[in-house]
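Bear in mind the structure is a predicted one, so any value in this text is a computation, not a measurement. Heavy-atom basis, side chains included; hydrogens, waters and symmetry copies ignored. Numbering of ligands and ligand atoms starts at 1, following listing order.
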Amino acid sequence: MNYEQFFTDQIKALKEEGRYRVFADLERKMGEFPKAINHYHGGEREITVWCSNDYLGQGQNPEVLNAMHEALDKSGAGAGGTRNISGTNHYHVLLEQELADLHGKEAALVFGSAWVANLTTISTIAAMVPDMVLISDAKNHNSMIEGMRHSRAQKLIFRHNDLKDLEEKLKSVDPARPKMVLFESVYSMNGHIAPIKEICDLADNYGAMTFIDEVHAVGMYGQRGGGVCEREGLNDRLTVIQGTMAKAFGVVGGYIAGSKDMCDFVRSYGTGFIFSTSMPPTVAAGCLASIRYLKEHNEVRERHQERSQTLKTRLIAEGLPVMDNPSHIVPVQVGDAVLCKQASDMLMDEFGIYVQPINFPTVPRGTERLRFTPTPLHSDEMMDHLVDSLKTVWDRLGLKFQKAA
Ligand SMILES: *Cc1c(COP(=O)(O)O)cnc(C)c1O
């Protein structure tokens, strides 16, 4: 076999479909978020980032940075080992206590990323609980899907946020078999929010444990940033609450929170936890500072929601096809992979606006979109410029406008 030819052909296929990924080469500039420098063929230019998952600008919060500088000077660069073999730094212990408190749970466990947290936790529980059946929302994130696959447990998929279908799936399983319902709180590509209480009620009725991914909600929802479960007073209804420190908390790392024994079980059997070096002390210190900051600064969340609502209202008033949802996510439908990429390129090249095209397989074909994530640091002027530029791009590419309501 000509291996090189195989790789080349696979790449060519992606390009032909218009879904070959090109990374924007960015230089984030301390103190200027959401502005950044874009290095491109032939030069560099200042742009405004409209698609960052640093939802609240915590990546540049001076309190977070000070904590990281201090930890660097105190403890050095790396953790020095896996958690079991010399890699548990005091910062890790404090961070897990902080996370347990954030979610009103007995314990928490930190991983290198939320992708690893999902893969490890789901695969470990589902592989070890005998005869487990997994019941999973159709729009669950890749990391949850990989965890289910890796477990080799039986899997049933219920229609996205559809309680009737969930109940049918639950009903179809032998009542004696152990079950786990897996879902997210905020779905990041369409901004939908799950009916968490109702899902937990059904899970209870059918004796299932519950696993929620709050990656796109932690830091942003709830009085202290504990996510939608905190906002709705449901922390104690979930067996596992999973989250990230890479998005609203602005640093990196994933975690789960739950009972002491559940966390101890994953700590003791989860290979993605056991055999990987723990995060650097600097990172743990930064996460800790960010979580503590957001627990006490609800005004950041209020401003975030206001910015998001304002952008939605303004885009809708101009007839741009915002995909309606109750969260902070602002998706605008294009519906074609090639046009979506063209719109994104035009915004970047001509208007200094950076928004990544979202194409298959992240979203279904025919629903390609631009996904805006306004932060508390996006000004009215930035929004004026965005709305005007989008109108121009829509006109030029002949994209569909919606009748303003
Ligand atoms: C981004 C994301 C993850 C992975 O989080 P990382 O910390 O970036 O690895 C998990 N779940 C969902 C829903 C995500 O969007």
*Which pairs pass ring-ring contact (aromatic ring centres under 6.0 Å, His included) with one or both residues in residues 242-272, sequence neighbours excluded?*
H103-Y255, F265-Y269
_Assess whether a salt bridge exists between E184 and K139, defined as any Lys/Arg side-chain N lying under 4.0 Å from an Asp/Glu carboxylate O._
no
_Shell of residues surrounding ligand 1, defined by a 4.0 angstrom heavy-atom cut-off that is strict_ = S113, A114, W115, N118, H141, S143, E184, D213, V215, H216, T244, A246, K247
*Do S290 and Q58 have side-chain N/O donor and acceptor atoms under 3.5 Å apart?*
yes
*Among all residues two or more places apart in sequence or in another chain, which pass the salt bridge (Lys or Arg N to Asp or Glu O under 4.0 Å) test with E146?*
R149
*Taking atom types as modelled, find out whether N325 and S327 have a side-chain donor-acceptor pair closer than 3.5 angstrom.*
yes
*By ring-ring contact (aromatic ring centres under 6.0 Å, His included) - contacts of F158 (at least two apart)*: none
